[in-house]
Amino acid sequence: MSTLTTRDVVVVGAGVVGLSVAWRASTRYGLAVTVVDPAPGRGASHAAAGMLTPVSELQYGEESLLELNTESARRYPAFAAELADASGLPSGYRTCGTLAVALDADDRAVLKDLHAYQERLGLSSSRLTSRECRRLEPMLSPAITGGLHVDDDHQIDNRRLVAALLAACERAGVTFVRERVERILVTDDRAHGVRLANGRDLSADQVLLAAGCRSALIPGLPPEVVPPVRPVKGEILRLRVPPVMAPFLSRNVRGVVKGGSMYLVPRADGELVIGATEYERGHDTETTAGGVYELLRDAHELVPGVTELPLVETLAGLRPGSPDNAPIVGRSSLAGLVVATGHYRHGILLTPITADTVAEVLALGTTPEIIRPFGPDRFETVAREVMA
Ligand code: GLY
């Protein structure tokens, strides 16, 4: 049995990327959009911490990504306000700043180098002594030796964001199909829809592939246009701060602990998110005792009081990593196929800019300047050469 439904766009994947583009494409441009996902919002978007920290999480050699990240952070307040209006739900956007702290001399040297790099790029951050760090966050360990404060790095509650996007999409008339996509339909060098696991076909003028790290697994596409994404597992913990212990932390705390980095993200409602491990072990989403131990051990070194808090949830998600750690967004060389994946550690941060730009690609066919360096073509050429 096969039913054909014609839409302007079928979106494969209902994480924050697929949902936000669907919402924008529908409300800003009036496109008829169907989103297909067996469990909307339950992938990496559900597991994330929601840090909006382009300056604190700056990596060497990623200057062009920094521009995209900071522009997306700049758009967040308006995006969150508009989404709250459209959905009737709070999006959990919180302007709290971020404090990165160091334990030993090596960790402090890492922060010193990061600060110098941030200054060279004209980014605002200030180095703090141990005492200044503890004045900002009294629950920090006395063993902290120094820190780096970034006033403009904030957070959003990723789960509230997902809920608001789902509600906004529904209000905007986006159709949801809670099914697995079995293949992308391609005929005469054009993507024109998807086949669902239940055997139905959905046809559309354009297909948006936004299935996170599963984007590389969906059959049907010519090999050179399959986005080269891989799963990068992250384990994360959710704890609860009892009202009597609040405010436990007032801002995001990033820790450099013996060379590695981790973070604690305190929500206004008392949730405390601690993350995240990083492993490349395929599509496994099991939480390991070792991962939980590592996170709690490091969190306890930075903020000893964490071990007194109730542990509410342990979870693992799969970040969609790309070969250069930057997102893959824009029109592919296959007619009818647009891609939005590979956001790696920055999917939540990059949601507003991805929504705005990819909706424009779908609706107007134009590619905004800011996403040009991140188009799928940068990998398609390599794939063609490898296959030749
Ligand atoms: N953005 C934080 C993480 O991916 O763990």
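Any value given below was found using the heavy atoms of this structure, including those in side chains, with hydrogens, waters and symmetry copies removed. Whatever order the structure lists them in is the order used to number ligands and atoms, beginning at 1.
Applying the ring pair (Phe, Tyr, Trp, His ring centres under 6.0 Å) test to pairs two or more places apart or on separate chains, those with a residue in residues 106-163 are Tyr60-Tyr117.
Alongside Leu315, the hydrophobic cluster contains Met51, Ile236, Tyr263, Val265, Val273 (criterion: ILVMFWY side chains under 4.5 Å).
For ligand 1, the 4.0 Å heavy-atom shell contains residues Glu57, Tyr263, Ala276, Arg319, Arg345.
Here the rule is side chain to side chain contact (heavy atoms under 4.5 Å, CB included) with Thr34, and of Val177, Val9, Val194 only Val177 fits it.
Within the 4.5 Å cutoff, no side-chain heavy atoms of Asn252 are placed close to those of Val150.
Evaluation of the salt bridge (Lys or Arg N to Asp or Glu O under 4.0 Å) rule for Arg183 yields no partner, not counting sequence neighbours.
In this pair, Phe79 and Trp23 present their aromatic rings perpendicular. The plane angle is above 60°, beyond the 30 to 60° band.
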